[in-house]
Amino acid sequence: PMANIIGGEGRGFEVAQGRLGPGRIHHCMRAIGMAERALELMCRRGLSRTAFGKPLVKLGGNYDIIANARMEIEMARLLCLKTAWMMDTEGVQQSQHWISMIKTVAPTVALKVIDEAIQMHGGLGVSQDTPLAGMYMGARTLRFADGPDAVHRMVVARHERQLEQQLVLDQRDHVERRLQRQHILVALGIQARGFLRLRCGECGHDELLAFSCRRRGFCASCGARRMR
């Protein structure tokens, strides 16, 4: 019935778009959870499986792999928390570039950690005896669901470009205001940041000289020493 329409007739697309931002960050939370689970399985496999008389965790660069996985998961988790905080305080529209950042970072980190966990398990990692293969498929799908990575990177880059353009405009306005103040002071014959406008009493020539200029007092037009 018409009474159950949300937001009003013709606003269905607007309502759907309003859910995309929160929906994306929920996907990112689940991706971080998958990465956490993959790291747990990787550590468990590295401690329980032996090769060449040693646990897998002590072979090759597995210590570095585990450490890097933990650091990347924590970085993604903090970015996810920052994005959620921005959405709560600034609103979804003002946080679009934050949403795009975590939407790109979380699946990428999850894929990397899951891939290393599969490598640690060997053939077992791609079988149905572990959840790793299904997790990898889900994380890979997330890189183009709700917008591909390239689109989200474009949103982030566009935001940075707009910030830089605004900074340039602000600096230009600041310089113009300083020049206007200096011109006003010079017109009044007042020293302005080391410069002074002098007028020759003989020929009426105006000249803008540095306050410390050795030539001060001599007219550049007629050479008279009657500048004031």
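- In terms of modelled atom types and a separation under 3.5 Å, the side chain of R143 and the main chain of D149 share no donor-acceptor contact.
- Across every non-hydrogen atom of A51 and L59, the tightest pair is O-CD1, 3.5 Å.
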For this session: Take N68 and E72 through the side-chain hydrogen bond (donor to acceptor under 3.5 Å, both in side chains) test and state the conclusion after the steps.
Result: CA-CA 6 Å; N68 289 334; E72 290 171 0; 5.8 Å; no
Problem set entry | Trace of the salt bridge (Lys or Arg N to Asp or Glu O under 4.0 Å) decision for R37 with E40 | CA-CA 5 Å; R37 175 62 172 157; E40 177 187 348; 3.3 Å; yes
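- A 4.5 Å side-chain heavy-atom check between S100 and R153 finds every atom pair outside the cut-off.
- Side-chain contact between C28 and L79: absent, with no pair of heavy atoms (C-beta onward) separated by less than 4.5 Å.
- Not a single donor-acceptor pair under 3.5 Å links the side chain of K82 to the backbone N or O of R77.
- For the atom pair CG (D146) and NE2 (H26), the distance works out to 11.5 Å, reported to the nearest 0.5 Å.
- Around the CD atom of Q162, the shell of radius 6.0 Å holds more than 12 heavy atoms that belong to other residues, nucleotides or ligands.
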Problem set entry | Test log, rule side chain to side chain contact (heavy atoms under 4.5 Å, CB included), inputs V57 and C43 | CA-CA 7 Å; V57 73; C43 293; over 6 Å; no
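- Considering all non-hydrogen atoms of both residues, I32 and C80 come closest at CD1-CB, 3.8 Å.
- Looking at heavy atoms from C-beta onward, R158 lies in side-chain contact with M154 at the 4.5 angstrom threshold.
- No side-chain heavy atom of H152 sits less than 4.5 Å from a side-chain heavy atom of M101.
- Residue-environment remark: CE (M71) exceeds the threshold of 12 foreign heavy atoms within 6.0 Å.
- Taken from NE2 in H121 to CG in L56, the straight-line distance is 9.5 Å, to the nearest 0.5 Å.
- Contact check for L163 versus E160: side-chain heavy atoms found under the 4.5 Å cut-off.
- Checked by atom type and distance alone, the side chain of Q96 pairs as donor or acceptor with a backbone atom of V92 at under 3.5 Å.
- The heavy-atom pair separating A117 from A38 by the smallest distance is CB-O, 3.5 Å.
- T50 contributes no side-chain N or O that, together with a main-chain N or O of P55, makes up a donor-acceptor pair within less than 3.5 Å.
- Counting only heavy atoms from C-beta outward, the side chains of K103 and L142 approach each other to under 4.5 Å.
- Here the shortest heavy-atom pairing between A133 and S127 reads CB-O, 4.2 Å.
- Shown here for A35 and A110, the closest heavy-atom pair between the two residues is CB-CA, 3.9 Å.
- Comment: E74 engages R70 in a salt bridge, judged by a side-chain N to carboxylate O separation of less than 4.0 angstrom.
- Taken from CD1 in I102 to NE2 in H27, the straight-line distance is 13.0 Å, to the nearest 0.5 Å.
- Shown here for V109 and A76, the closest heavy-atom pair between the two residues is CG2-CB, 4.3 Å.
- Not one N or O on the side chain of N62 forms a donor-acceptor pair closer than 3.5 Å with the backbone of K58.
- Between the CZ atom in R30 and the CE atom in M135 there is a gap of 13.5 Å [rounded to 0.5 Å].
- Counting only heavy atoms from C-beta outward, the side chains of L124 and R45 approach each other to under 4.5 Å.
- Interatomic distance, CD1 of I25 versus OG of S95, reported as 9.0 Å (0.5 Å rounding).
- A 6.0 Å sphere centred on CD of Q128 holds no more than 12 heavy atoms belonging to other residues, nucleotides or ligands.
- In the hydrophobic clustering of this structure, V126 does not group with M137; members are Ile, Leu, Val, Met, Phe, Trp, Tyr whose side-chain heavy atoms approach within less than 4.5 Å, directly or through other members.
- When hydrophobic clusters are built by joining Ile, Leu, Val, Met, Phe, Trp and Tyr residues whose side-chain heavy atoms come closer than 4.5 Å, directly or via intermediates, M75 is not grouped with V113.
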For this session: Please assess Q94 against M86 for the test side chain to side chain contact (heavy atoms under 4.5 Å, CB included), listing each intermediate value before the final yes or no.
Result: CA-CA 8 Å; Q94 299 299 323; M86 291 297 296; over 6 Å; no
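- D170 and Q166 share a donor-acceptor pair across their side chains, judged by distance under 3.5 Å alone.
- Once rounded to the nearest 0.5 Å, the distance linking CD1 of I65 with CG of L39 reads 11.5 Å.
- Side chains of L169 and R172 form a contact here, defined as non-hydrogen atoms less than 4.5 Å apart.
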